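Everything quoted here is computed from the prediction, not taken from an experiment. In what follows, chains carry the letters A, B, and so on, assigned in the order in which the sequence lines appear, proteins first and then strands, with residues in each chain numbered from 1.
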Number of protein chains: 2
Amino acid sequence: MSESKIRNMEELASVSGISRPTLSKYFNDPESVRASTRKKVEAALETYDYQPNIYAMNQNRRLTKNIGIVVPYLADPFFAEIARVIENLVIQGGFRPILLSSHGGTGQEIENLDSLRSIRPAGVLLAPLGRNSDVAAIERFCADVPTVLFDNSIGDLGEAFFGLDNPQSIKMMVNYLHETGEPPIFFEMRTPTNPNAYKRRNAYIESMEALDLEPKLIQIEGDTWDFEDIGYRGGLEAIRTRQLTTDTVLCSNDRLAIGFLAAAYECGLRVGSGTGCALRVAGHDDHPYARFTCPPLTTVAQDYSAIATRSVEAILKLIESGERAEQRDTTLFEGTLIKRASA
Amino acid sequence: MSESKIRNMEELASVSGISRPTLSKYFNDPESVRASTRKKVEAALETYDYQPNIYAMNQNRRLTKNIGIVVPYLADPFFAEIARVIENLVIQGGFRPILLSSHGGTGQEIENLDSLRSIRPAGVLLAPLGRNSDVAAIERFCADVPTVLFDNSIGDLGEAFFGLDNPQSIKMMVNYLHETGEPPIFFEMRTPTNPNAYKRRNAYIESMEALDLEPKLIQIEGDTWDFEDIGYRGGLEAIRTRQLTTDTVLCSNDRLAIGFLAAAYECGLRVGSGTGCALRVAGHDDHPYARFTCPPLTTVAQDYSAIATRSVEAILKLIESGERAEQRDTTLFEGTLIKRASA
DNA sequence: ATCACAATTTTACGCGCGTAAATATTTTAT
DNA sequence: ATAAAATATTTACGCGCGTAAAATTGTGAT
């Protein structure tokens with residue numbers, strides 16, 4: 001609490017007895033100055049509240065303290081959650097997170113990258129749209145800015161990638177469903193925007209074949225990010241046109257599953273593994289709402305805390321070292337089976 | 001597409017034949033220069049891609065082109081959606097949106113405001129936490145920065161407020177439920193973080209009394225933003241301890257209702273208005289997921305497009321005029337009844 | 001006490017742009 | 001055509017800070 005507010009570093013220098021360049025050094029990294037001077041600065045800071053002009057700082061620094069975070073669709077609670085965790089980790093690391101959502105649109109994704117470029121971030125954490133991404137644009141961006149990809153991989157772009165081991169998680173789920181009842185049919189979008197979706201499809205087919213079972217796919221139309229709605233419409237049609245050749249449905253992700261459950265409900269199909277149930281439904285991702293569907297959704301949980309932590313660690317290390325990875329480092333985490341009432 | 005990239009406005013001036021101060025004027029507002037010069041600038045911009053250094057710009061401008069957007073909880077799809085609409089409107093208005101979430105925490109809300117203050121935004125759109133907000137801190141912020149509140153009102157803070165007419169919407173829902181079946185009991189948090197929740201409680205009581213009915217409240221514990229979980233736990237307890245003195249439950253918001261539906265399902269209570277149903281459940285807000293609950297949730301839709309549009313219009317007008325409102329302007333929008341299968 | 005070394009201060013310049021005032025030019029109205 | 005008004009240019013300075021180089025001071029070990 002001070003009566004006379006400090007306007008700039010110059011003034012802080014005169015009242016603290018520390019020279020302006022040293023103050024500049026302190027604000028860039030408090031650990032880089034002698035402990036005794038650090039104390040003096042912090043004492044002055046207590047009485048004279050001041051914080052450096054962020055624009056002047058960023059204009060002149062070689063590297064800003066900004067870290068961009070781009071997610072494909074922030075209205076999806078899954079990405080909202082992972083973004084929140086990442087934001088906190090970035091702040092803990094002494095950087096300033098800039099969160100942007102691509103809202104499911106290619107144009108928006110490019111705009112986000114352009115927007116980030118203009119603020120000269122020290123690094124970027126990018127969960128790309130996937131199929132709809134402008135690969136060339138992303139490649140150019142990665143060449144300019146140290147970028148770590150997560151959730152969704154695109155080729156071998158970026159310095160590192162952290163995501164889910166889809167083959168493992170899908171195989172686990174297929175095996176579980178097979179062991180506890182009829183083998184599953186796979187419910188998915190025909191042309192998903194998400195590369196993970198293709199990996200899951202292939203993983204499903206391979207897992208079924210490994211069990212000497214015939215893979216069966218229900219491939220629904222839709223190319224937006226309104227997965228619940230797509231799952232609902234596709235579910236209605238699949239049920240009404242009797243495409244369900246088994247009583248067990250494995251949905252490519254939880255949001256589709258939520259829509260499918262609504263369709264099943266509307267058609268009077270009771271979902272669950274108990275007697276009196278017509279259908280078992282499983283999802284994938286352990287979406288925040290999966291616990292609260294009726295019935296609660298059996299699914300595979302992603303360790304998004306690990307994905308977030310490791311992604312942030314990777315980008316911080318890249319920034320600190322100032323080097324680029326000579327080769328992209330890919331890390332896949334295993335999923336965890338979450339058994340609930342739906343299957 | 002150019003071979004030689006432009007590094008700064010000076011260089012652009014020399015290649016375009018327009019003086020740097022005029023270019024500066026152009027970038028601040030393209031309409032402020034003569035049409036013929038504008039053409040010249042834009043022609044040069046096509047061949048020499050360049051964009052002004054955002055830090056140098058913001059450092060020196062009286063007012064930045066930044067507009068802060070603060071929502072209480074971005075992992076709630078409702079806020080994610082409204083934030084998205086607002087972001088687009090802000091961009092259309094020629095400003096740069098900075099989206100921040102308070103993640104349900106008082107500390108985070110204050111940090112967000114501090115963070116915004118440090119980037120000297122031209123204006124801020126704030127949906128406050130409510131009860132948990134540091135009113136004094138927000139008041140100080142509003143004194144410094146033109147701020148429009150939305151969704152949640154705090155006293156008469158801000159230059160304007162746009163939100164829902166809770167008394168109208170709740171009354172409409174109570175009347176509907178009463179006309180079509182038993183009068184509703186009100187399911188809510190005992191000490192909600194959200195002022196709207198208090199308004200809804202009072203509106204419920206008044207609406208019931210206006211119908212000569214006795215208002216009944218189920219008030220559950222919980223002080224986080226995990227409304228689904230709170231609704232689920234509270235619902236389980238309410239059902240098991242037989243607090244439901246009527247077959248109709250009006251939940252204070254959709255997220256609580258989603259949790260309540262999960263509890264009802266677990267207890268084997270069939271929800272809906274048809275025969276064979278034990279319970280009718282209604283929500284409030286028309287949450288993006290409300291269409292996909294089982295059964296689909298009867299609720300009240302907020303016109304969040306109107307809230308977003310009017311809020312942005314208000315802040316843009318404030319910025320343009322450079323004046324402050326002599327008195328806060330409060331606008332409430334009516335809700336729309338959304339009849340689905342749950343009640 | 002002496003030396004070697006690290007940290008700080010001093011001095012000075014630059015970043016890219018906003019902005020103001022005076023001047024010159026163009027446009028519009030008469 | 002001419003004057004008046006609008007717009008552009010020139011010139012100059014400042015914003016708040018980063019950073020480099022040289023000079024100075026402080027630190028720690030011998």
Side-chain angles (χ1 to χ4, degrees), chain A residues 5-45 48-66 94 96 117-122 319 322, chain B residues 5-45 48-66 94 96 117-122 319 322:
Chain A
K5 272 196 179 170
I6 299 292
R7 321 186 116 273
N8 55 34
M9 223 177 253
E10 196 79 52
E11 290 188 20
L12 185 64
S14 58
V15 301
S16 67
I18 308 292
S19 73
R20 193 178 65 70
T22 305
L23 286 177
S24 172
K25 204 146 175 281
Y26 168 85
F27 283 112
N28 187 36
D29 176 11
E31 299 297 314
S32 70
V33 302
R34 199 165 10 190
S36 57
T37 40
R38 187 161 57 242
K39 285 247 171 89
K40 280 195 217 165
V41 176
E42 276 155 7
L45 246 35
Y48 286 99
D49 84 308
Y50 156 82
Q51 51 186 75
N53 181 308
I54 200 167
Y55 297 118
M57 267 176 51
N58 285 335
Q59 179 180 11
N60 297 308
R61 266 214 250 276
R62 304 193 184 295
L63 227 50
T64 68
K65 290 275 186 183
N66 296 329
R96 187 187 181 90
R117 212 194 291 263
S118 75
I119 62 168
R120 301 190 309 121
I319 293 169
Chain B
K5 271 196 180 171
I6 298 292
R7 322 187 114 273
N8 54 34
M9 221 178 252
E10 196 78 53
E11 291 187 21
L12 186 64
S14 59
V15 300
S16 67
I18 308 291
S19 73
R20 193 179 63 73
T22 305
L23 287 177
S24 173
K25 202 147 177 282
Y26 167 85
F27 283 111
N28 186 35
D29 177 12
E31 298 299 314
S32 70
V33 303
R34 194 156 33 191
S36 58
T37 39
R38 186 161 58 242
K39 284 248 170 89
K40 280 195 217 166
V41 176
E42 275 154 7
L45 245 35
Y48 285 99
D49 83 309
Y50 155 82
Q51 53 186 74
N53 181 307
I54 201 168
Y55 296 118
M57 266 176 52
N58 285 335
Q59 179 179 11
N60 297 307
R61 269 215 249 275
R62 304 193 185 295
L63 226 50
T64 68
K65 290 275 188 184
N66 296 329
R96 187 187 180 89
R117 212 195 290 263
S118 76
I119 62 167
R120 302 189 309 121
I319 293 169

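Using modelled atom types, no side-chain atom of A/Tyr48 and backbone atom of A/Val15 make a donor-acceptor pair closer than 3.5 Å. Here the side chain of B/Lys25 pairs a donor or acceptor atom with the backbone of B/Ser32 at under 3.5 angstrom. Listed for the B/Ser24 side chain is no donor-acceptor partner under 3.5 Å among the backbone atoms of B/Arg20. Checking side-chain atoms of A/Tyr50 against main-chain N and O of A/Leu12 turns up no donor-acceptor pair under 3.5 Å. Remark: the backbone N or O of A/Glu11 is paired with a side-chain donor or acceptor of A/Asn8 at under 3.5 angstrom. In this structure, the side chain of B/Arg120 engages the main chain of B/Arg62 through a donor-acceptor pair within 3.5 Å.
Straight-line distance from the NZ atom of A/Lys39 to the P atom of C/dT8: 14 Å, rounded to whole Å. Between B/Ile54 atom CD1 and C/dG16 atom C1' the separation is 13 Å, expressed in whole Å. The interatomic distance linking A/Arg38 (CZ) with C/dA7 (P) rounds to 11 Å, in whole Å. Residue A/Asn8 contributes atom CG, which lies 14 Å from atom P of D/dG14 at whole-angstrom precision. For the pair B/Gln59 CD and D/dC13 C1', the computed distance is 14 Å after rounding to whole Å. One can place NZ of B/Lys65 at 11 Å from P of C/dG18, the figure rounded to the nearest angstrom. Rounded to an integer number of Å, the gap from A/Ile18 CD1 to C/dA7 C1' is 11 Å. In this structure, the CZ atom of A/Arg7 is 16 Å from the P atom of D/dG14, given to the nearest Å.
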Dot-bracket encoding per residue of DNA chain D, Watson-Crick/G-U cut-off under 3.5 Å, | denoting interstrand:
||||||||||||||||||||||||||||||
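Comparing A/Asn53 and B/Val33 against DNA chain D, the residue whose closest nucleotide sits nearer the 5' end is B/Val33.
Exactly one of B/Val41, B/Thr22, B/Leu23, B/Ile18 qualifies for a side-chain contact (heavy atoms from CB on, under 4.5 Å) with B/Val33. That residue is B/Thr22.
Within the 4.0 angstrom heavy-atom criterion, no nucleotide atom of any strand lies near A/Ser36.
Looking at the side chain of A/Thr37, the nearest of the listed nucleotides C/dT9, D/dA8, C/dT8 is C/dT8. Residue B/Met57 places its side chain closer to C/dG18 than to any other of C/dG18, D/dT9, D/dC17.
Side-chain N/O atoms of A/Ser19 include none lying less than 4.0 angstrom from OP1 or OP2 on C/dT10. For B/Tyr26, no side-chain nitrogen or oxygen approaches OP1 or OP2 of C/dC17 to under 4.0 Å.
Summarising the geometry of B/Ser19 relative to B/Ala13, their closest heavy-atom pair is C-CB, 4.1 Å, with the distance given to 0.1 Å.
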Give me, pair by pair, the N or O atoms of the protein and of nucleotides 19-23 of chain D that are less than 3.5 Å apart, along with how far apart they are.
from   : atom 1 : to      : atom 2 : distance (Å)
D/dT19 : OP1    : A/Arg62 : N      : 3.4
D/dA20 : OP1    : A/Arg62 : NH2    : 2.2

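Once rounded to the nearest 0.5 Å, the distance linking CG of B/Asn53 with CE of B/Met9 reads 9.5 Å.
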